[in-house]
Undergrad: 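This is the structure I want to talk about, given as structure tokens.
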Number of protein chains: 2
Amino acid sequence: MPITVEKPRKVQIQETAEELFRERGYSATSMRHLAAELGIEPASLYSHIKSKEEILSSICFGMADTFFAAIEPILKANKTNAQKLRAMIVAHTSVVLKNVNASTVFFHDWRHLSEPNFSEFKSLRKAYEHAFKQILAEGVANGEFAVADLSFCVKTLFSAMNMTHEWYKPEDALQHQEVGNKLANLLLNGIITNP
Amino acid sequence: MPITVEKPRKVQIQETAEELFRERGYSATSMRHLAAELGIEPASLYSHIKSKEEILSSICFGMADTFFAAIEPILKANKTNAQKLRAMIVAHTSVVLKNVNASTVFFHDWRHLSEPNFSEFKSLRKAYEHAFKQILAEGVANGEFAVADLSFCVKTLFSAMNMTHEWYKPEDALQHQEVGNKLANLLLNGIITNP
DNA sequence: CCTACCGATCGGTAGG
DNA sequence: CCTACCGATCGGTAGG
């Protein structure tokens, strides 16, 4: 018989917030609604969290950490740039799909962060995108890739990866890694010099 | 000397709303803020519009019309499917970039439409995406395209096109059609059987 | 974790 | 297009 350990209230609040923020957006979700979903009074939320924005920033920076952690080992690996890029696409997409609620909030609502979180977030994102750009650049220097506009290419890569959460249905039996690989197939074959 | 004709108030309200909704999102923008931006009292807005949601739905359905109008002539043209697809990508992307404010609202805030607008919007979008799917399917039957998963491919196409508004900077001197063509280059070369 | 409550702000209406 | 105002709801605090 499995023992069910209740999650700490703070975690429950976080996860329920991710769900509600995903459905209605951060601004349109009230603390009263969140409390109701948890079956407690609105004021009780503040025993566990400092403010509504604390929840948002913890989602945003938490996801940022997860994304960095996912690609870090790949950057250090001994692989071709094409292999690295594919692995990064698969890793990034898996993080998105493994955290659909949080990543939806991450993509839509980071704009509602106030300073200094807002600027901090943007610079993290820039650094993350730079890692992808670097691989592309090395691949170009290498002859592996034929990319005219690196920035444009990175933006398009992220567009494709970061919208998967909007149409992905787990019932499709299309697994997380499968989505990433299909994405890589579609995108890489337009990138690699000689297939 | 050019004669400057003042735009009708209703149009001013619409355009200012597009700007504010784009910056802060629909839910986080108040009618008081909108009125202040126009230099009138909040209550005065209601001489020209019925409700806040009326503005949103007029943005959403107006953009939907514009998108359909842009691809319609291409569908009827006498071209290969590859040529059609490229033209549709360029046309769609141009609409996005020519209406950055409205299209940002269109992509982010359609979720806040209430019924029956909500369902109506979704079915319009489905019909629009179907037009792209159709071209892909014909191209596959044709031997022009090698696409294993049509739905997946359409979703990825739209992801790439519909995120351009987020990073496009007019100062880049990258023209609207240029963006579309670069997108088509990147995407089509992963789609066409024999380049 | 609750009761009780704060000042601020929301979308919108009545009537001119 | 304005003044005056509505009831509802917001994020959050005090005190237990």
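Just so it is clear: chains get the letters A, B, ... in the order the sequence lines come, proteins before strands, and each one is counted from 1.
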Undergrad: Just jot down the ring-ring contact (aromatic ring centres under 6.0 Å, His included) partners of B:His108, sequence neighbours excluded, or say none.
TA: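 Expected list: A:His108.
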Undergrad: For B:Glu23, check salt bridge (Lys or Arg N to Asp or Glu O under 4.0 Å) against everything at least two apart and list the hits.
TA: none
Undergrad: I'd like to know whether CZ of B:Arg24 has more than 12 heavy-atom contacts from other residues, nucleotides or ligands below 6.0 angstrom.
TA: no
Undergrad: Does B:Ser94 have any side chain to side chain contact (heavy atoms under 4.5 Å, CB included) partners at least two apart in sequence or in another chain, and if so, which?
TA: B:Val90, B:Lys98, B:His176, B:Gln177
Undergrad: Please identify each residue that fulfils side chain to side chain contact (heavy atoms under 4.5 Å, CB included) with A:Ala43, with sequence neighbours left out.
TA: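 Expected list: none.
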Undergrad: In chain order, what residues pass the ring-ring contact (aromatic ring centres under 6.0 Å, His included) check against A:Phe21, with sequence neighbours excluded?
TA: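 With neighbours one apart ignored, the set is A:Tyr26.
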Undergrad: Counting only heavy atoms and a strict 4.0 angstrom limit, can you tell me which residues of residues 44-63 of chain B come near DNA chain D?
TA: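 Correct list: B:Ser44, B:Ser47, B:His48.
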Undergrad: Listed in order of residue number, which residues of residues 22-41 of chain B have a non-hydrogen atom at under 4.0 Å from DNA chain D?
TA: B:Ile40, B:Glu41
Undergrad: What stem regions, each of at least 3 consecutive Watson-Crick or G-U pairs below 3.5 Å, can be found for DNA chain C?
TA: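 Stems found: C:1-16 with D:1-16.
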Undergrad: My understanding is that only residues two or more places apart in sequence, or in another chain, count here; which of them pass salt bridge (Lys or Arg N to Asp or Glu O under 4.0 Å) with A:Glu41?
TA: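 So A:Glu41 forms no salt bridge (Lys or Arg N to Asp or Glu O under 4.0 Å) with any residue.
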Undergrad: Which is the 5'-most and which the 3'-most nucleotide of DNA chain D that has an atom under 4.0 Å from a heavy atom of chain B?
TA: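 Contact span on the strand: D:dC1 to D:dA4.
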Undergrad: Could you work out, with salt bridge (Lys or Arg N to Asp or Glu O under 4.0 Å) as the rule, every residue matching B:Arg125, not counting sequence neighbours?
TA: none
Undergrad: Taking only residues two or more places apart in sequence, or in another chain, which ones meet A:Asp149 in a salt bridge (Lys or Arg N to Asp or Glu O under 4.0 Å)?
TA: B:Lys182
Undergrad: Indicate whether any N or O donor in one side chain lies under 3.5 Å from an N or O acceptor in the other, for A:Ser57 and A:Glu53.
TA: no
Undergrad: For the residue pair A:Arg86 and A:Gln83, confirm or rule out a side-chain donor-acceptor distance under 3.5 Å.
TA: no
Undergrad: Between B:Lys84 and B:Glu72, is there a salt bridge with N-O shorter than 4.0 Å?
TA: no
